[in-house]
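Below is one structure, written out as structure tokens; the observations come after it.
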Amino acid sequence: MMHQPTDKVKKIFIYLLIFLFASSIFNFQILNYFFKFFKINKIEIKDINYQKEFNSFEDQNIFNIKKEDFISITTKFPNIEKYKINKIYPNQISISLYETEPIGKIFKNNELFLIGSNGNTFKGKDTKNIPLIEGTLEVNKINYFLKKIKLSNFSLNKIEKLIYYPSNRWDIIFKNKTILKLPSEEIVTNIKRAEILLRRKEFKSKVLDLRIK
């Protein structure tokens, strides 16, 4: 009589183990299905030049992909100004990359580099629609001056060259061979003055020197 409770306990324990084992297998199957269901199997990107950089996202769980993961990749491309990421559940990603507008070009060690409106420099194909910058390779100075020109009515595609001088001033050489010499101070004000003068019919000189007050 004393063995009956012990046998019952053993049976209950065995049944409990069987239940736990069966439920664990079931839960594992559900979990495994969940991971497969949300595993990225398609990455849609318009420009195939960047496709391989994002292939590392394939077979990853779509919920595990964070914004920082995309930023770490896009920073490899200084010509990318902005991007847009769409998660298409359950297992696809759509990526749109927007390249910056080239607004200037420089030569470093006889190699051509473009300057984008995002402030970055990068290698690219030569284009006659943007001015060549000479006299400095300091990107901060170049970007500062280019921004001032962008705020004016001067069209970059009509400027052949921008020359920087150690006295911290610039010359603008237009494609029609007109030369604008700017002083080192009040750049915006003097660019506006130049715009007015260059529009006048009586202005026939090829050199406009605004260093002379």
Side-chain angles (χ1 to χ4, degrees), residues 46-47 49-50 67 70-85 95-213:
K46 292 182 179 179
D47 196 328
N49 293 325
Y50 304 101
K67 181 180 178 180
F70 290 100
I71 293 176
S72 65
I73 293 178
T74 54
T75 51
K76 297 178 183 178
F77 303 100
N79 60 320
I80 298 298
E81 185 159 4
K82 58 182 180 179
Y83 63 90
K84 186 177 181 181
I85 309 296
I95 303 172
S96 298
L97 300 174
Y98 303 91
E99 295 183 347
T100 187
E101 174 194 6
I103 57 176
K105 55 188 176 183
I106 57 176
F107 279 95
K108 291 182 182 179
N109 300 320
N110 296 321
E111 284 191 281
L112 176 71
F113 287 83
L114 302 181
I115 301 173
S117 57
N118 62 353
N120 294 331
T121 60
F122 50 91
K123 291 184 178 182
K125 295 181 180 179
D126 194 3
T127 171
K128 295 182 179 180
N129 293 325
I130 55 177
L132 174 67
I133 291 92
E134 293 182 353
T136 182
L137 295 178
E138 295 185 45
V139 178
N140 290 338
K141 288 181 179 179
I142 295 172
N143 284 330
Y144 176 80
F145 189 66
L146 285 173
K147 285 180 181 179
K148 300 303 180 185
I149 295 179
K150 290 280 284 183
L151 293 173
S152 72
N153 291 322
F154 288 146
S155 177
L156 288 174
N157 60 17
K158 292 183 179 181
I159 299 175
E160 182 179 333
K161 191 181 297 184
L162 302 172
I163 303 176
Y164 175 81
Y165 294 92
S167 58
N168 198 33
R169 69 167 206 84
W170 291 84
D171 280 357
I172 300 177
I173 301 176
F174 296 90
K175 289 182 178 178
N176 64 1
K177 304 307 177 183
T178 299
I179 299 174
L180 170 60
K181 294 181 175 291
L182 294 168
S184 58
E185 70 278 353
E186 298 180 351
I187 293 176
V188 175
T189 301
N190 281 290
I191 286 178
K192 289 180 179 179
R193 287 176 59 201
E195 288 177 335
I196 296 171
L197 291 170
L198 292 173
R199 282 199 298 265
R200 292 181 179 177
K201 293 181 179 180
E202 62 269 25
F203 179 78
K204 297 181 180 180
S205 173
K206 284 297 181 181
V207 178
L208 177 60
D209 193 343
L210 295 183
R211 295 175 299 174
I212 304 171
K213 294 187 178 181

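Below, each value reflects all heavy atoms present in this structure, side chains not excepted, and no hydrogens, waters or symmetry copies.
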Side chain to side chain contact (heavy atoms under 4.5 Å, CB included) between Ile103 and Ile149, intermediate numbers included: CA-CA 10 Å; Ile103 57 176; Ile149 295 179; over 6 Å; no
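- A ring-ring contact (aromatic ring centres under 6.0 Å, His included) check over residues 168-197, counting only residues at least two apart or in different chains, returns the pairs Phe145-Trp170, Phe154-Phe174, Tyr164-Trp170.
- Screening Asn129, Leu156, Leu114 for a side chain to side chain contact (heavy atoms under 4.5 Å, CB included) with Pro102, the sole residue that qualifies is Leu114.
- The two atoms that bring Glu111 and Phe113 nearest to each other are O-CD1, 3.4 Å, heavy atoms only.
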Which side-chain N or O atoms in residues 177-189 pair as donor and acceptor under 3.5 Å with protein atoms at least two apart or in another chain?
{"residue": "Lys177", "atom": "NZ", "partner": "Glu160", "partner atom": "OE1", "Å": "3.2"}
{"residue": "Thr178", "atom": "OG1", "partner": "Asn176", "partner atom": "OD1", "Å": "3.1"}
{"residue": "Lys181", "atom": "NZ", "partner": "Asp171", "partner atom": "OD2", "Å": "3.0"}

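- The CG atom of Leu210 sits 5.0 Å away from atom CZ of Arg193, with the distance rounded to the nearest 0.5 Å.
- In plain terms, the two heavy atoms of Thr127 and Lys105 that are nearest each other are O-NZ, 2.7 Å.
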Candidate pair Leu162 and Ile142, rule side chain to side chain contact (heavy atoms under 4.5 Å, CB included), full reasoning: CA-CA 9 Å; Leu162 302 172; Ile142 295 172; over 6 Å; no
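- Between the side chain of Asn118 and the backbone N or O of Pro78, at least one donor-acceptor pair lies under 3.5 Å.
- Proximity of Leu208 to Leu197: side-chain heavy atoms (C-beta onward) are separated by under 4.5 Å at one or more points.
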Thr121 vs Val139, side chain to side chain contact (heavy atoms under 4.5 Å, CB included): CA-CA, chis, key distance, verdict: CA-CA 8 Å; Thr121 60; Val139 178; 3.8 Å; yes
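- The number of heavy-atom neighbours closer than 6.0 Å to NZ of Lys125, taken from other residues, nucleotides and ligands shown, is 12 or below.
- In this structure a side-chain-to-backbone donor-acceptor pair under 3.5 Å is missing from Glu195 to Ser152.
- The shortest distance between side-chain heavy atoms of Tyr98 and Glu81 does not fall below 4.5 Å.
- Between Tyr50 and Glu99, the side chains place a donor N or O and an acceptor N or O closer than 3.5 Å (distance only, hydrogens not considered).
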